[in-house]
*Asks:* 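Have a look at the structure that comes next, please.
As the structure lists them, so they are numbered: ligands from 1, and atoms in each ligand from 1.
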Amino acid sequence: MSELNNIALEILGNGKGILAADESTGTMTKRLEGVNVPSTSENRLLFRETLFSSSSMSDCIGGVILYDETIKQISSKKNKIPELISSMGSHPGIKVDTGAKILAGSIDEKITEGLDGLRERLKEYHSLGVKFTKWRGVYIVSKDYPSKLSIQSNAHALARYSALVQECNMVPIVEPEVLMDGDHSAKECYKKTSEVIKKCFEELILHKVDLTGVILKPNMILDGNKSKDKISNEEVAKLTLECLKSSVPSEVPGIAFLSGGQSEVEATENLNLINKHNNTKFIMSYSFGRALQQSALKFWSKDIQNIEGTQKVFNHRAKMNSLAAQGKWSKEFENK
Ligand code: 13P
């Protein structure tokens, strides 16, 4: 087994998943202001440090994706953040793209940037103890979108990023996010997601990326959030499995879903059903941002010094998702 494959399995094996705590300062400011907490670097650190020192980190969280600001911060107990995460039994990771910018030639769409100087930045992150990285490509859905240009250029960037990350002995998370914004059907989401993922792997293979040392982070197959129709959770699971089975090469060890704006319980329920019906060799787990942090953030915002209470809320959510990653979750557990 290769070293990278081993890391991927440590992150996602045994019912573990990923905490995506890599919100940029802009996004984190929106989240904090949304619950009336001033977005200072101290507050951003306090909330994140609270989660990173929770007991569920050892059993449920195999990896944490950090943002550049956080990875360089020192915890209140004087630990470097990557060291705190490692000491809890989890792997530190880092978002390395520099954000999605307007795509010249198709100005409604976006292209993710960050390749310039990436090799040097990766070396620095690796020296800080980072084991894996993330790069997110983003795609809108409508009659004409995503365009061939957006599908091609984002796949190319994801592949160049992945090759550089593996060269530096880290596992790349490949995140092509087909957004749920819009009134499109789940069938449309299926079609577009399938096209996007296939192109990504075509480029990854061209760029000689070792697929056994990659984690795919896709969206689930859902109706658009403005669609009048809503397929059932069973249907979401069935379509998501079908889509991934036909578009992801079998060498890939694990798939970790983003939550993409689903509610916490909805994301957990869908993940649980995906695992109940999982007839693939892929590990199917989570790499949730909002769906792991929302309740904890709300609770914390009422009293930002209530560390224990916040950790309890976070531990519950992490546990629910860990059960779902094994197909063992049930709605009744939510109220316990
Ligand atoms: P959400 O789970 O909130 O969609 O965030 C995951 C993520 O990392 C987006 O890049």
*Asks:* Heavy atoms only, cut-off 4.0 Å: how does R290 contact ligand 1, side chain, backbone, both, or neither?
*Replies:* both
*Asks:* Is the backbone of A318 close enough, under 3.5 Å, to the side chain of S322 for a donor and an acceptor to pair up by distance?
*Replies:* no
*Asks:* A20 heavy atoms, cut-off 4.0 Å: which ligand 1 atoms fall inside?
*Replies:* 8 (O)
*Asks:* Of all heavy-atom pairs between G93 and V130, which one has the smallest distance, and what is that distance?
*Replies:* CA-CG1, 4.2 Å
*Asks:* So H156 and H207, would you call those rings parallel, tilted or perpendicular, with 30° and 60° as cut-offs?
*Replies:* perpendicular
*Asks:* Any ion pair linking E334 and R317 (charged N to carboxylate O, less than 4.0 Å)?
*Replies:* yes
*Asks:* Check this for me: does any side-chain nitrogen of one of E83 and K77 sit under 4.0 Å from a carboxylate oxygen of the other?
*Replies:*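 No, no charged N to carboxylate O under 4.0 Å.
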*Asks:* So for ligand 1, is R31 a polar contact partner (N or O within less than 3.5 Å, distance only)?
*Replies:*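 It does not: no N or O of R31 is found under 3.5 Å from an N or O of ligand 1.
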*Asks:* Distance under 4.0 Å to a non-hydrogen atom of F288: what atoms of ligand 1 satisfy this?
*Replies:*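 Numbered from 1, ligand 1 contributes 2 (O).
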*Asks:* Quick check on contacts: which atoms of ligand 1 are under 4.0 angstrom from a heavy atom of G260?
*Replies:* 1 (P), 2 (O), 4 (O)
*Asks:* Tell me, please, which residues at least two apart from A267 pass side-chain contact (heavy atoms from CB on, under 4.5 Å).
*Replies:*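 Result, side-chain contact (heavy atoms from CB on, under 4.5 Å) vs A267: S259, Q262, F288, A291.
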*Asks:* Looking at E175, which atoms of ligand 1 are within less than 4.0 Å of one of its heavy atoms?
*Replies:* 7 (C), 9 (C), 10 (O)
*Asks:* For atom 5 (O) of ligand 1, what is the nearest protein heavy atom, given as residue, atom name and distance?
*Replies:*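 The closest heavy atom on the protein side is G289 N, 3.6 Å.
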*Asks:* Nearest protein heavy-atom contact for atom 10 (O) of ligand 1: which residue, which atom, what distance?
*Replies:* K134 NZ, 2.6 Å
*Asks:* Find all atoms of ligand 1 within a distance of less than 4.0 Å from any non-hydrogen atom belonging to S259, and give their numbers and elements.
*Replies:*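 So the answer, numbered in order with elements, is 1 (P), 2 (O), 3 (O), 4 (O).
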*Asks:* Restricting to ring-ring contact (aromatic ring centres under 6.0 Å, His included), what partner residues turn up for W329, sequence neighbours left out?
*Replies:*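 Result, ring-ring contact (aromatic ring centres under 6.0 Å, His included) vs W329: none returned.
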*Asks:* Which ligand 1 atoms does K217 reach within 4.0 Å, using its non-hydrogen atoms?
*Replies:* 6 (C), 7 (C), 8 (O)
